[in-house]
Amino acid sequence: MFKKKEKLAGTELTAAAKKGEFKKYMRKYWQFYALLLIPVLYYIIFRYIPMAGNVIAFRRYRAGGSLFGQKWSGLKYFKQFIGDKTFWRAFRNTLVLNVSYLAVRFPLTLIFALLLNEIKALWWKKFVQTVSYLPHFISMVIVTGMIRELVSTSGPLNQLVAHFGGEKISFIAFPQYFNPIFVISGVWQALGWGTILYLAAIAGINPSLYEAAEVDGANHFQRVWHVTIPCILPTITTLLILDIGGLVGSGGAFEKVFLLYNPMTYETADIISTFVFRMGLGSGNYSYATAVGLFEALLNLTLLTIANKISKKVSGSGLW
């Protein structure tokens, strides 16, 4: 009996001590949690609460009516877009643009990061980094305006074509040129910014590994191949998984495509997000557009999960 009372008393003292430590900790670091409150509220209000609106993918919604639709429609809108050729064109374009962009940008970003790391003059390295980072901070409206001017019939690209005896082409009006324009401009925007995580990972490599490799007779390329790349492989894997998880998604491509495409280039330029925009805000088919958006999100989640499992089996590292 006495032992039980002593045990209970000890438990209460431990709980009281932990509570006191927690209060002391919060009094000391409350400013950090106050700052954390802003992004948490942002995600709750603008990311999680709007998810409730996905219910209209299964209900008939009309503007001015109930927020969650008037009548249950089941899988009607999913069946509708599955039989829609325009949707499948947008799906194909999204996949083609994203795969093309990933295939070009991902290796180039890694190579550029490795080259930047080899620059010994600190002032020159900072200059190159600054110049390569700048396009990331330019507004997409300005970027697309620059692209339009560059590829217009009176732009410098056509002037160069005419100089060599070629015929001027309105590149922005032909669907076959949209993919190269999208990929090349995207690489220009993201090349420098995408090296930040790689450079941070490279900076954390133990210099003794390079010294040991040099003692073993490894040349410069071999040190990069057998030391640098294996050490930053978890970072490479993580970024690749995230990119694969967005292959079917439109992500940040919506703004660029929306500002660059036109009815003449829908054949190769119309992607899922622009399709959803036209169906929803353009035509008022909100339930149909929500069903397409929900399908896109679920497909991206599936790809992300598959890529993560494959990565864990192959390289032993993943997102979770």
Side-chain angles (χ1 to χ4, degrees), residues 39 43 47 91 94-119 125 128-129 132-133 135-137 179 182-214 216 218-254 256 271-273 295-320:
Y43 273 94
R47 298 291 183 177
F91 182 88
T94 304
L95 199 58
V96 169
L97 285 175
N98 285 334
V99 170
S100 303
Y101 180 52
L102 177 62
V104 176
R105 177 190 57 80
F106 194 83
L108 283 181
T109 303
L110 177 58
I111 293 169
F112 188 59
L114 293 172
L115 292 174
L116 274 176
N117 186 60
E118 297 302 318
I119 298 177
K125 184 177 182 178
V128 174
Q129 284 180 294
S132 63
Y133 292 170
H136 175 80
F137 298 99
N179 197 325
F182 179 87
V183 172
I184 293 170
S185 61
V187 170
W188 171 70
Q189 282 182 275
L191 186 64
W193 186 254
T195 62
I196 291 177
L197 291 176
Y198 290 131
L199 290 173
I202 292 171
I205 299 174
N206 191 339
S208 62
L209 295 174
Y210 291 107
E211 294 170 4
E214 191 174 0
D216 289 339
N219 58 35
H220 198 82
F221 176 79
Q222 288 173 329
R223 292 197 295 272
V224 171
W225 185 257
H226 294 288
V227 177
T228 306
I229 293 179
C231 286
I232 65 171
L233 190 59
T235 303
I236 297 172
T237 303
T238 301
L239 294 177
L240 183 60
I241 291 170
L242 292 172
D243 283 333
I244 291 174
L247 280 181
V248 184
S250 304
F254 169 74
K256 182 188 284 188
I271 58 177
I272 292 177
S273 59
F295 172 77
E296 176 191 9
L298 291 174
L299 199 54
N300 282 327
L301 179 61
T302 304
L303 283 174
L304 183 65
T305 305
I306 293 171
N308 186 69
K309 286 186 176 181
I310 293 173
S311 174
K312 289 184 75 174
K313 285 185 178 181
V314 174
S315 65
S317 62
L319 291 177
W320 66 86

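On a predicted model such as this, the values are computed, not experimentally measured, just so you know.
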**Q** What distance separates Leu239 CG from Ile244 CD1, expressed to the nearest 0.5 Å?
**A** 11.0 Å
**Q** Take Asn117 and Tyr198 through the side chain to side chain contact (heavy atoms under 4.5 Å, CB included) test and state the conclusion after the steps.
**A** CA-CA 10 Å; Asn117 186 60; Tyr198 290 131; over 6 Å; no
**Q** With sequence neighbours left out, write down each residue that passes side-chain contact (heavy atoms from CB on, under 4.5 Å) with Asn219, or none if nothing qualifies.
**A** Phe221, Gln222
**Q** Find the distance between CZ (Phe295) and CG (Asn300) and round it off to the nearest 0.5 Å.
**A** 10.0 Å
**Q** Quick one: CG on Leu304 to CG on Leu299, what's the gap to the nearest 0.5 Å?
**A** 11.5 Å
**Q** If you look at every heavy atom in Tyr101 and Gly186, which pair is closest and at what distance?
**A** OH-O, 3.3 Å
**Q** Only counting residues at least two apart or in another chain, list the ones meeting side-chain contact (heavy atoms from CB on, under 4.5 Å) with Leu108.
**A** Val104, Val187, Leu191
**Q** If you look at every heavy atom in Ala307 and Ile241, which pair is closest and at what distance?
**A** O-CG1, 4.1 Å
**Q** For atom OH of Tyr43, is the number of surrounding heavy atoms from other residues, nucleotides or ligands below 6.0 Å larger than 12?
**A** no
**Q** Scan residues 223-243 for pairs that pass salt bridge (charged side-chain N to carboxylate O under 4.0 Å, His left out), counting only residues two or more places apart or in two chains.
**A** Arg105-Asp243
**Q** Could you pull out all donor-acceptor pairs under 3.5 Å where a side-chain atom in residues 200-209 meets a protein atom, sequence neighbours excluded?
**A**
unit_1	atom_1	unit_2	atom_2	d
Asn206	OD1	Ser208	N	3.1
Asn206	OD1	Ser208	OG	2.9
Asn206	ND2	Ser208	OG	3.2

**Q** Nearest 0.5 angstrom please: Thr195 OG1 to Leu114 CG, how far?
**A** 10.5 Å
**Q** Look up atom CG in Leu199 and atom CD1 in Ile232, then write down how far apart they are to the nearest 0.5 Å.
**A** 9.0 Å
**Q** Holding to side-chain contact (heavy atoms from CB on, under 4.5 Å), I want the full list of residues that pass it with Val128, two or more places apart in sequence or in another chain.
**A** Phe112, Leu116, Ile119, Trp124
**Q** Find the distance between CG (Leu303) and CG (Asn308) and round it off to the nearest 0.5 Å.
**A** 12.5 Å
**Q** Examine distances only and state if a side-chain atom of Thr109 and a backbone atom of Gly194 form a donor-acceptor pair shorter than 3.5 Å.
**A** no
**Q** Can you list the residues that meet the side-chain contact (heavy atoms from CB on, under 4.5 Å) rule with Leu298, with sequence neighbours excluded?
**A** Leu294
**Q** Any heavy-atom pair between the side chains of Ile271 and Phe182 that's under 4.5 Å?
**A** no
